[in-house]
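For reference, the structure is listed below as structure tokens.
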Number of protein chains: 2
Amino acid sequence: MSRPTISDVARAAGVTKATVSHAYSGHRPISAATKARVFAAADALRWVPSSSARALAARRANAIGVVLRRDPAILASDTFFPAFIAGVEQTLAEREVALVLQVVGSRGAEERAYQAMAAGRADGVVVLDLHRADWRVPFLAGLGLPAVLLGAYEGETRLSCVRTDDAAPVRDLVAHLRERGHTRIAHVAGPLDYVHSYARARAYVRAVGSRALLREGDFTAGSGRALTADLLALRDRPTAILFANDTMAIAGTSYAQSRGLRVPEDLAVAGFDDDHLSAHLSPPLTSVSTDPARRGRVATARLLADVAGDDPRDVAVDCTALRLRASTDAPAPATARRTTPAPELEEEFR
Amino acid sequence: MSRPTISDVARAAGVTKATVSHAYSGHRPISAATKARVFAAADALRWVPSSSARALAARRANAIGVVLRRDPAILASDTFFPAFIAGVEQTLAEREVALVLQVVGSRGAEERAYQAMAAGRADGVVVLDLHRADWRVPFLAGLGLPAVLLGAYEGETRLSCVRTDDAAPVRDLVAHLRERGHTRIAHVAGPLDYVHSYARARAYVRAVGSRALLREGDFTAGSGRALTADLLALRDRPTAILFANDTMAIAGTSYAQSRGLRVPEDLAVAGFDDDHLSAHLSPPLTSVSTDPARRGRVATARLLADVAGDDPRDVAVDCTALRLRASTDAPAPATARRTTPAPELEEEFR
DNA sequence: ATGAAAGCGCTAACAG
DNA sequence: CTGTTAGCGCTTTCAT
């Protein structure tokens with residue numbers, strides 16, 4: 001025996017399919033009495049509406065999509081993603097909307113994934129890992145698929161955008177280090193074509209007035225270690241390093257310690273994203289919490305509004321918070337007081 | 001103008017819908033010439049088949065589901081989940097199957113989620129966080145929804161199951177510590193109603209011959225810290241602690257260090273799951289890598305086979321590997337040589 | 001407040 | 001090898 005359909009329920013309740021449908025959707029008034037009969041019948045038959053039939057008829061998937069183009073290895077070590085998804089699901093859980101996730105390996109596969117979403121898999125998508133010039137922005141607009149961009153997109157677009165101020169915490173971190181006497185503060189950034197990496201790097205360059213001690217990593221432990229080695233080999237080595245995420249910061253710390261440097265006495269270290277382990281390290285790692293779950297909730301709520309027909313709009317989320325911990329809590333070593341060359345700001349970061 | 005349908009493509013190519021459909025599905029032979037015309041027409045019209053229409057007609061969603069019942073905070077700090085998902089997506093990417101994810105907060109919501117999956121959202125599900133007596137096993141069997149259980153389920157079931165030997169690495173770890181002279185080895189377990197926590201705890205109890213130094217945590221840093229404090233306050237404190245995951249191990253290490261104990265000289269510490277940061281800590285943390293991505297691939301392949309009509313079956317994945325690092329690499333402190341009370345094995349763990 | 005009926009866009013017999 | 005024709009199980013006008 002196969003699963004019951006809406007017709008079975010209608011027959012059992014002595015009404016038509018339309019009545020059953022409306023009893024559930026509330027799209028038109030149904031008397032309390034028949035509504036009760038309908039629900040009772042549905043209950044007795046253990047009827048659950050077919051989501052594919054509903055999607056086809058109503059032209060709405062009751063699902064939103066996320067497509068990620070990432071190396072699985074990087075996905076696996078990402079602290080942002082699961083927390084973000086948790087937030088997405090939190091606001092999804094209240095409505096009966098599902099999340100469709102697709103991880104792809106190539107540009108072609110990514111396009112197909114978005115097309116499939118537009119072709120009925122999902123009613124809208126949230127776009128992560130936003131690039132400064134992101135082809136997906138015009139592409140999605142062309143598909144007519146509701147979308148919200150996560151990150152401070154600077155280009156032209158009519159898509160909704162959930163913005164975060166990544167610059168403020170970087171400025172605060174630099175100020176915090178300056179107060180302790182640091183003058184040679186380095187930054188190990190993430191890939192600079194990401195809007196958030198770029199925003200952090202730009203804030204850093206503006207705050208310190210030079211990009212001499214800026215290095216571009218890729219968020220992996222390996223690059224954190226390598227670039228720390230690079231920086232510490234400098235003639236005037238930095239006395240403080242700001243990393244664009246905690247993974248790189250932790251790898252960098254461990255490298256520095258293996259070279260006999262004490263953290264924070266000889267080298268101050270700060271991360272970004274506030275990994276759940278960071279408060280438990282030795283020394284505890286100064287970081288910036290960015291509340292990915294909250295951004296997930298906000299982005300999802302915004303997307304649901306877009307899907308419901310609202311006009312796209314920008315929303316700013318104030319979700320960063322400094323977590324000052326022991327890894328930056330010592331006076332800068334005496335050598336830090338040496339003068340540094342006059343800052344020269346390059347055009348790109350103005 | 002709305003998106004083109006299969007009829008538009010058929011008309012443009014001078015064939016019928018059936019031909020278009022079969023040209024894509026390969027469910028029956030189509031001459032190369034017409035196939036080419038069909039593809040050309042589809043291309044020109046930018047036709048993408050509607051997944052909801054396809055799902056309804058073919059009774060197949062081309063999606064698999066995962067429903068998770070978790071506190072978002074725990075999801076966010078879980079190292080297993082993203083890696084597992086990455087593996088799932090790796091094998092999904094090759095076929096054109098999507099992943100539908102639903103995170104729920106209550107038993108009722110969980111049942112509804114599985115029912116929705118069975119009602120057309122997904123063709124099958126993979127079941128995580130398996131409990132020793134898991135209501136979902138009979139429930140899913142009742143729904144007739146293909147499912148694969150991740151973990152060594154010991155009950156009766158006809159569902160596929162992807163098993164891992166969690167006991168062997170625990171035994172090896174205990175042996176490794178004994179070689180270094182440890183006699184008081186503790187274990188901070190995960191919740192014992194999970195099959196994998198239980199398997200690890202049981203292997204530990206069998207290896208050390210006593211459950212006097214067994215504590216039940218909940219995989220969070222907080223519980224790792226609290227239970228470490230508890231163990232270290234014992235009159236005959238343990239000289240080594242095995243934690244059921246790295247998060248608890250790291251929190252425990254940091255607590256021990258804050259109390260003036262050196263790791264590994266005064267206290268040896270090992271984790272489980274091999275978090276990506278663990279090799280970068282000071283000292284690097286001994287752990288057990290469990291290759292969640294591989295298990296994701298295997299479970300997904302198995303599920304796809306079930307969906308395709310194969311008989312359910314058990315598959316064993318040999319995916320654990322000891323990562324011996326500095327946190328366990330020192331001779332046990334002299335005090336470890338004191339005799340310990342005679343082991344008494346409790347019934348439950350036989 | 002309820003019924004009747006026409007699709008939504010595709011797949012899969014059934015013919016030829 | 002290709003065309004015809006029913007549905008898949010809902011939603012949603014249009015009636016009444």
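Here the structure is a predicted model, which means the values were calculated and not measured. So that the names make sense, note that chain A is the first sequence line, chain B the second, and so on, each numbered from 1.
Nucleic acid contact for B:S31: sugar-phosphate only, since backbone atoms but no base atoms lie under 4.0 Å from a heavy atom of the residue. Within 4.0 Å of B:A58, counting heavy atoms only, lie sugar-phosphate atoms of the nucleic acid but no base atom. At a threshold of 4.0 angstrom between heavy atoms, the contacts of B:L56 include nucleobase atoms, whether or not backbone atoms are also involved. Within the 4.0 angstrom heavy-atom criterion, base atoms lie near A:H22. At the heavy-atom level, A:V15 lies under 4.0 Å from the strands shown only through sugar-phosphate atoms.
For the pair B:R54 CZ and D:dG9 C1', the interatomic distance rounds to 19 Å; values are reported in whole Å. The NZ-C1' distance, from B:K17 to D:dT4, rounds to 10 Å in whole Å. B:R60 places its CZ atom 18 Å from the C1' atom of D:dG9, with the value rounded to the nearest Å. Rounded to whole Å, the distance from CZ on A:R11 to P on D:dG9 is 12 Å. Atom-to-atom, CZ of B:R59 to P of D:dC10 comes out at 12 Å; the value is rounded to the nearest Å. The NE2 atom of B:H27 sits 17 Å away from the P atom of D:dC1 (whole-angstrom rounding).
A residue-by-residue look at A:S21 and A:R28 shows that A:S21 has its nearest nucleotide of DNA chain D further toward the 5' end. Residue order along DNA chain D, read from the 5' end via each residue's closest nucleotide, puts B:T34 first among A:T5 and B:T34.
The side chain of A:S25 places no N or O atom within less than 4.0 Å of a non-bridging phosphate oxygen (OP1 or OP2) of D:dT11. Note on A:S50: every side-chain N or O is 4.0 Å or more away from OP1 and OP2 of D:dC8.
Not one N or O on the side chain of A:R46 forms a donor-acceptor pair closer than 3.5 Å with the backbone of A:R3. Proximity of a side-chain donor or acceptor of B:R297 to a complementary backbone N or O of B:T91 within less than 3.5 Å is not detected. At distances below 3.5 Å, at least one donor-acceptor pair connects side-chain atoms of B:R295 with backbone N or O atoms of B:T290.
For DNA chain C, the outermost nucleotides in 5' to 3' order that have an atom under 4.0 Å from a heavy atom of chain A are C:dA1 to C:dG9.
Aromatic ring orientation, A:H196 versus A:F219: parallel (interplanar angle below 30°, classes split at 30° and 60°). Aromatic ring orientation, B:F139 versus B:W135: perpendicular (interplanar angle above 60°, classes split at 30° and 60°). A tilted orientation is assigned to the rings of B:H131 and B:Y194, their planes being inclined by 30° to 60°.
The CD atom of B:E89 sits 5.0 Å away from atom CG of A:L101, with the distance rounded to the nearest 0.5 Å.
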